[in-house]
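What follows is a set of notes on a single structure, which appears directly below.
Model, not experiment: these values are computed from the prediction.
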Number of protein chains: 2
Amino acid sequence: MKKAREIFIELLRKDGLRLTRQREALLNAVFSTHRHFSAEELYRDLEKDGHGVSIATIYRSLTLLVEGGLIQGLDVGNGRVLYEHTLGHQHHDHMVCMDCGKITEFVSPEIEELQDEAARAHKFKVTAHSLKLFGYCSNCSKKHPDARATPAPQTRSGS
Amino acid sequence: MKKAREIFIELLRKDGLRLTRQREALLNAVFSTHRHFSAEELYRDLEKDGHGVSIATIYRSLTLLVEGGLIQGLDVGNGRVLYEHTLGHQHHDHMVCMDCGKITEFVSPEIEELQDEAARAHKFKVTAHSLKLFGYCSNCSKKHPDARATPAPQTRSGS
DNA sequence: TTTCATGCAAAACATTTGCAAGTCT
DNA sequence: AGACTTGCAAATGTTTTGCATGAAA
């Protein structure tokens, strides 16, 4: 992902910001994985690699990347936010396994179109949307034969 | 909404729980509004009405109502959860105005169907789903003529 | 050198919990 | 009486911030 680095530097430059050791290490870590990661996980990974970056800086940089459109946050409920790159990835939605936490991506142009239609009908100007299916992935659903349909988990202890 | 009260009492009874002054006041407050409310707002409303209920009890009761399927939490991002009744309301999705906070509900059976299809294709067992459109309501969009499409707000300071 | 960035620790928030005192049944 | 509830305050977990120090440009 050479491009991400260039875009990031460009982004920094444009605002008179600097390319520091920390921002560089973080960028590398973020774009070397294809997983969905939390701020905390990223913090630990960088720690392990010897590229220590404080948790405060993790958050500040993540914000920078989100604003720059390089990555995106995905709120999986319970106040947990996972990040994923956006760069070069087409828009997609997510299925969140409430047992193992597995994230499955899927795309549906038809759904997108219907969303836009609904927005239009309400004269609502959409700038972002978020569609998440909560439940059990193919593996875990074996363990939950009788899962009843419940509202999406919103409390900390839930799920 | 007389029914809500009965269902709630039934629910309590079934688990050997009690109908206290607090739970009753809270139930009334919850079902006397059609707005989407936060725990904090509910706390303040009850305070004002002279039916003081501690914030701890607010949360404990709200959890009870969610588990009982009488209400539902809606995570509007930034760690803010709004509640709404479920009882007697058909399932719907939400548009969240990032300026004035207005919540607009909409329904789309077609989207529901497409979601189920996607889940089936991935052998994912859906127990809940959440679809939110973020942007500007018909009123506020006048003030944001050039809103660029950004990822959904996930940080506290965002929006 | 002059900003801008970092790390640290403290603050902020929303929510949860332990526990002693109070209250339904 | 006895089990369940409440309120309070302290604990949580995640994210943010103030500030002095350190580092790009």
Checklist entry - Any side-chain heavy atom of B:R60 within less than 4.5 Å of one from B:T63? => result no
[X] vs [N]: side-chain N/O to OP1/OP2 distance below 4.0 Å:
X	N	value
A:R80	D:dT14	yes
B:R23	D:dT6	yes
B:R60	D:dT6	no
B:T20	D:dT5	no
B:Q22	C:dC24	no

Checklist entry - Just checking A:L19: base, sugar-phosphate only, or nothing, at a heavy-atom cut-off of under 4.0 Å? => result sugar-phosphate
Item to check | salt_bridge(B:K48, B:E41) N-O dist < 4.0 Å | outcome: no
Selected nucleotide, minimal atom distance to [X] side chain, candidates [options]:
X	options	result
A:A56	C:dT17, C:dC8, C:dT25	C:dC8
B:T57	D:dG7, D:dA25, C:dA5	D:dG7
A:V53	C:dT6, D:dT5, C:dG7	C:dG7

Checklist entry - When you measure from the side chain of A:R23 to the backbone N and O of A:R18, does any donor-acceptor pair fall under 3.5 Å? => result yes
Next on the checklist: Let's test your reading of the model: under 3.5 Å, does the base of D:dA3 pair with the side chain of B:R18 as donor and acceptor?
Outcome noted: yes
